[in-house]
Amino acid sequence: MKDIFTDLYKKVAGFFQAPSEKENVKEVACNRLKFVLMQDRTNLTPQLLERMRSEMIDLLSKYVEMDKEALELNFAHEGESMALMLSIPVLRAKEESEIQAIIEAEEKAKMAKEALEAEEAAEAEEEISDEDESPEEVDAEVDVEPESEPEEVCGCGCEENEADEACPCGDECEEIEEDVIEDAPVKKSKKK
Amino acid sequence: MTGRVIVITSGKGGVGKTTTSANIGTALAKAGQKVILIDTDIGLRNLDLLLGLENRIVYTIVDVVEGRCKLKQALVKDKKNPNLCLLAAAQTRDKSAVNEEQIKTICEELKEENDFILVDCPAGIEQGFQTAVAAATEAIVVTTPEMSAVRDADRIIGLLEAKEEIESYKLLLNRVRPNLIKSNDMMSVDDVVDILSCELIGIIPEDTGVITSTNKGEPIVNDEKSLAGQAYSNVALRITGEEVPFLDLSEPKSPIAKLIAEVKKFFAGLLGKE
């Protein structure tokens with residue numbers, strides 16, 4: 001008997017009150033719209049987002065085993081600002097030893113890469129120092145213009161020619177040769 | 001005299017650009033301003049229909065551009081108000097018939113003898129939009145409280161911001177339905193303004209009178225009793241620099257609706273919030 005009355009009361013009260021229990025379609029629309037506008041405004045194409053997603057998967061899977069298919073990467077709004085939300089369903093935490101092994105392997109690879117790079121750099125340095133030899137002598141005669149680009153070094157193999165000697169590759173090289181000379185002081189300072 | 005050139009644009013079609021152009025133009029003319037309405041929706045012209053001038057058009061903007069007539073010959077005077085003139089779009093051509101430079105030349109000439117030049121922009125963001133916007137220094141972005149319309153308006157605002165010539169742009173929220181907003185079924189005015197973060201120039205309630213007025217070829221601002229007409233008149237006043245408060249659409253109009261609202265409020269107060 002009491003139930004009937006409380007039911008009736010609730011129904012009457014529900015009629016007079018604001019539709020708070022009802023689905024708030026407006027909220028849904030607002031949230032969806034904010035979400036889609038955020039994506040529109042970022043200028044990130046779906047391809048770029050996908051790339052970002054796969055890069056994140058590569059990074060994170062070093063530490064946890066996760067459901068790669070279910071990983072969600074989305075923009076969300078927090079008040080005025082924008083947030084990038086990443087939701088990662090973790091399947092299994094990796095053993096510490098596993099993680100260590102991955103990190104070590106990575107470090108090794110990194111060191112190998114660095115060693116290779118250092119080798120390459122050393123080779124490149126040698127070439128540069130070869131270039132420097134001849135300009136050093138004419139240094140004082142040339143106006144120093146450090147802003148000229150070092151990339152303009154002649155590629156024809158005639159760098160070692162003296163300024164007044166004929167260049168095997170012709171007119172084109174004469175101009176470039178000057179650049180090489182002008183560059184010399186910059187390179188020297190780098191070496192020191 | 002140096003007239004103001006205002007483009008009325010929206011991105012999405014069907015949100016009421018042409019209705020807005022016709023009504024703001026008419027309201028400004030009624031207020032004593034000299035107004036030219038330019039329809040740039042070449043190939044899909046409709047502004048002539050809304051003003052009831054479809055039978056009076058001899059020359060169009062394309063004829064002016066291609067030198068078949070003088071600009072003054074192509075201006076069609078409104079039936080009621082001699083302050084208002086229409087430069088109609090051609091129906092048989094497409095948007096490429098007029099370019100940005102040509103519309104600038106036309107507007108420069110019209111600015112000399114008029115207070116306002118309102119450019120009714122076609123839907124979309126392609127060349128037609130670029131042409132319509134080219135001569136304007138102000139813009140009114142028309143949208144409705146619907147997701148697709150708001151999204152397109154956001155895109156348009158982005159494009160307008162990139163244009164140096166556009167000094168200011170304002171939002172006109174059309175087809176607002178207070179009942180749906182009240183029941184949380186539609187985004188409110190505040191929601192839309194918040195999302196687009198753009199200054200408002202008008203809130204136009206949904207009004208069946210707009211349909212009948214279009215059918216008659218007479219803008220709704222000529223109907224003094226219509227709420228939408230009143231809202232459009234207020235927009236025109238705001239354009240001329242007057243400060244007019246926005247209509248309160250949440251208040252029910254009929255006395256019975258008012259009574260029901262009062263009773264509801266009373267009981268809600270008695271019951272308290274659960």
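Chain A is the first sequence line, chain B the second, and so forth, proteins listed ahead of strands; every chain is numbered from 1.
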Open item on the list: Nearest 0.5 angstrom please: B:Ile195 CD1 to A:Leu37 CG, how far?
Closed with: 7.0 Å

Task: Within 6.0 angstrom of B:Arg155 CZ, more than 12 heavy atoms from elsewhere - done: no

Task: Whether over 12 other heavy atoms sit under 6.0 Å from A:Lys68 NZ - done: no

Task: A:Glu96, CD: over 12 other non-hydrogen atoms inside 6.0 angstrom - done: no

Task: Closest non-hydrogen atom pair, B:Met187 against A:Cys30 - done: CG-SG, 3.7 Å

Task: Crowding at CZ, B:Arg45 (>12 non-hydrogen neighbours, <6.0 Å) - done: yes

Task: Close side-chain approach of A:Val28 to B:Met147, heavy-atom, < 4.5 Å - done: no

- [ ] Hey, could you give me the CD/CG distance between A:Glu27 and B:Asp191, rounded to the nearest 0.5 Å?
- [x] 7.0 Å

Task: Distance (rounded to the nearest 0.5 Å) between B:Asp152 CG and A:Asp40 CG - done: 9.0 Å

Open item on the list: Is A:Arg41 in contact with chain B via its backbone, its side chain, both, or neither, using a 4.5 Å heavy-atom distance?
Closed with: side chain

- [ ] State which residue, out of B:Leu180, B:Ile181, B:Asn184, fulfils the side-chain contact (heavy atoms from CB on, under 4.5 Å) condition with A:Lys26.
- [x] B:Asn184

- [ ] Could you tell me whether B:Phe266 atom CZ has more than 12 heavy atoms of other residues or ligands within 6.0 Å of it?
- [x] no

